[in-house]
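Just so we're on the same page: letters track the sequence lines, and every chain starts at 1.
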Number of protein chains: 2
Amino acid sequence: MTDEASFLAGYDPRDYPAVAVTVDVVALTIRDGKLCVLLVERGEQPFAGRRALPGGFVREETLDEAARRELAEETGLLPGAKDLERVHLEQLRTYGNPGRDPRMRVVSVAYLAFAPHLPEPTAGSDAARAYWVPVEAAGDLAFDHDQILAEGLDRARDKLEYTPLATAFVDPEFTISELRAVYTAVWGEELHAGNFHRKVLSVPGFVESTGETATRGGERGGPKPKLYRAGDATLLHPALLRPTREDRIR
Amino acid sequence: MTDEASFLAGYDPRDYPAVAVTVDVVALTIRDGKLCVLLVERGEQPFAGRRALPGGFVREETLDEAARRELAEETGLLPGAKDLERVHLEQLRTYGNPGRDPRMRVVSVAYLAFAPHLPEPTAGSDAARAYWVPVEAAGDLAFDHDQILAEGLDRARDKLEYTPLATAFVDPEFTISELRAVYTAVWGEELHAGNFHRKVLSVPGFVESTGETATRGGERGGPKPKLYRAGDATLLHPALLRPTREDRIR
DNA sequence: GAAATAGTGTCTGTAAGACACTATTCC
DNA sequence: GGAATAGTGTCTTACAGACACTATTTC
């Protein structure tokens, strides 16, 4: 019993306690100036009728592919659609406490998705029960999804500081004000417009000018702003730190 | 078929492709001024004889517990030992590409462990083939463990900047020089002793003085340094940034 | 015209890094 | 004594945040 075949035989999955692997997606976008998360209303037990993060079982695919597929199914976007390709996806954390799903042992790999304004998902059949909910109104989710959402929000807030993630929430061409609106929506804090403007332009590779100007000013007045697109930086240096809160340190 | 029992029945694990869930641990420590990782020599197929990260199947336990148990088994430390409790453990990332294990679909939750100098693991039977290896000599591992190790090292280097993680690598009472030695070992860069000293003391909650002084100076001379212990900060503010390297930004 | 916004100028306090220097200890 | 280290002082430069101000645009 030393050849490889015997070891392969020795690892019959039925020898081990059954574990299911799922992906759950914390998909964030900004609608009407508010940070929103994509939720689905569960039609099945357990937690039937409760809201939950979109997710499902992993198939013969990578974990990343599973997350993007689930997101496509729940938003009603076609796999391969331009909108979907622009969605930034990254792994958040894996949740696997025994008992987190009453049916069986389920280990869930949570993903974080950042999207510019996607259409309201009403088209596809799978997506019929999915909708965007402002994060402050997104409590009381099924399973341990409250915790997953909370950690996803923390991660998103952190990453705005030291990565150009905010550009994933806006159109390919954007104004500095639109970018600032992302920060205020995600952080829930007002930022000084003038200082923010200078700061963004001073960070190498954060944004680059398109040379163009918007066709009109703001709805309530103001000059036509210049347009920018995302630069080639993957890290912001120096970082764009949010106002320090003592309680984040201890 | 609308009651919960029928749904539970509907989720018989044998309806789904078999997936195994494991934990793998990137355990880091500093020995002789070098950053080292705990590796095991595999005795079984696949990859028999190759070095790999310690790990194993998840049982009826949380993922965190599984990681700590695996670490205990491979280091030969007793579960519950003081040394083991002082090890800082955190989840790194989950790896689940199809084909990463030739036997079957294996999804591995990788953990990062930071330990002060643990004994060389020669005692227990499981630990007989485990040893600490300087990270620069730790290439060519089994499975996708090279990638896991690389991402673990990246994470460790990042976390030294903005968390008091370095204190997890030293004894409960330590000198500023010992702390600096952690930074130089993990970052692989020399740091200016004077500026480092002042910086560490200026960050609120990073270290606190014990009031004591070491019983003797350095091996090659120098005054008796003061002793410190870890403070109550969970984030360093302002952060202790490593010398900026352009290539980390793009 | 009134109100709002884009973008810039300036000042202040804090922090990082370079360099210098003293005092102390080990060999 | 010689060499290494602990710890502090000082100077320069960079940056964050506060505040002010002008120019431009919408209603």
Side-chain angles (χ1 to χ4, degrees), chain A residues 33 160-162 170 173-181 183-184 187 189-204 206-228 235-246 249, chain B residues 33 160-162 170 173-181 183-184 187 189-228 233 235-246 249:
Chain A
L160 279 201
E161 291 193 327
Y162 56 91
V170 293
E173 299 204 344
F174 53 87
T175 69
I176 302 294
S177 283
E178 288 166 353
L179 198 62
R180 179 161 47 83
Y183 278 88
T184 55
W187 285 350
E189 304 188 60
E190 288 305 313
L191 297 173
H192 183 103
N195 289 339
F196 180 86
H197 193 104
R198 178 181 19 225
K199 171 71 184 174
V200 167
L201 295 186
S202 77
V203 176
F206 190 4
V207 300
E208 58 185 33
S209 175
T210 65
E212 303 293 306
T213 298
T215 53
R216 52 156 296 165
E219 296 186 1
R220 285 169 295 185
K224 297 184 174 76
K226 295 177 185 166
L227 291 174
Y228 297 85
L235 288 175
L236 303 185
H237 192 88
L240 213 158
L241 299 175
R242 66 190 127 159
T244 311
R245 297 256 301 278
E246 268 307 312
I249 295 181
Chain B
L160 279 201
E161 291 193 326
Y162 56 90
V170 292
E173 299 205 343
F174 53 86
T175 68
I176 302 293
S177 284
E178 289 167 351
L179 199 62
R180 180 162 48 85
Y183 278 88
T184 56
W187 285 350
E189 303 189 59
E190 289 305 314
L191 296 173
H192 182 100
N195 289 339
F196 180 86
H197 193 103
R198 177 180 19 219
K199 171 71 184 176
V200 167
L201 296 186
S202 77
V203 176
F206 191 3
V207 300
E208 57 185 33
S209 175
T210 66
E212 303 293 307
T213 297
T215 53
R216 52 157 295 168
E219 295 186 3
R220 286 170 294 187
K224 297 185 174 75
K226 294 179 186 166
L227 291 174
Y228 297 85
L235 287 174
L236 303 185
H237 191 85
L240 212 158
L241 300 175
R242 67 190 127 159
T244 309
R245 297 257 302 280
E246 270 305 313
I249 295 181

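Residue contacts for A:Ala239: at a heavy-atom cut-off of 4.0 Å it reaches the sugar-phosphate backbone alone, with no base atom in range. Across all strands shown, A:Arg242 has no heavy atoms under 4.0 Å from either base or sugar-phosphate atoms.
If you take NE2 of B:His237 and P of C:dT14, they are 13 Å apart, rounded to a whole angstrom. The separation between B:Glu190 atom CD and C:dA18 atom C1' is 16 Å, rounded to whole Å. Between the CD1 atom of B:Ile176 and the C1' atom of D:dA4 there is a distance of 18 Å, rounded to whole Å. Rounded to whole Å, the distance from CG on A:Leu236 to P on D:dA16 is 11 Å. When the P atom of D:dC15 is taken as reference, atom OH of A:Tyr162 falls 21 Å away, rounded to whole Å. In this structure, the CZ atom of B:Phe174 is 16 Å from the C1' atom of D:dA6, given to the nearest Å.
Of the residues in residues 192-206 of chain B, those placing a heavy atom less than 4.0 Å from an atom of DNA chain D are B:Gly194, B:His197, B:Arg198, in numerical order.
Summarising the geometry, atom NE2 belonging to A:His192 is positioned 7.5 Å from atom CZ belonging to A:Arg198; distances are rounded to the nearest 0.5 Å. A distance of 9.5 Å separates CG in B:Leu201 from CZ in B:Phe196, rounded to the nearest 0.5 Å. Here NE2 of A:His197 is found 5.0 Å from CD1 of A:Ile176. Values are rounded to the nearest 0.5 Å.
A donor-acceptor pair under 3.5 Å links the side-chain atoms of B:Glu161 to the main chain of B:Arg242, judged by distance alone. A:Lys226 contributes no side-chain N or O that, together with a main-chain N or O of A:Thr210, makes up a donor-acceptor pair within less than 3.5 Å.
Scanning both residues, A:His237 and B:Leu241, for their nearest heavy atoms gives CE1-CD1, 4.4 Å.
For the pair B:Thr175/B:Leu227, a side-chain contact is recorded, criterion being any heavy-atom separation below 4.5 Å from C-beta on. Counting heavy atoms from C-beta on, the side chains of B:Tyr228 and B:Leu179 never come closer than 4.5 Å. For the pair A:Val200 and A:Leu240, the minimum side-chain heavy-atom distance is below 4.5 Å.
For the pair A:Pro243 and B:Ser177, both in contact range of DNA chain D, the more 5′-proximal nearest nucleotide belongs to B:Ser177.
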Reading nucleotides 21-27 of chain D from the 5' end, what letters show protein touch, with B for base, S for backbone sugar-phosphate only, - for no heavy atom under 4.0 Å?
---BBSS
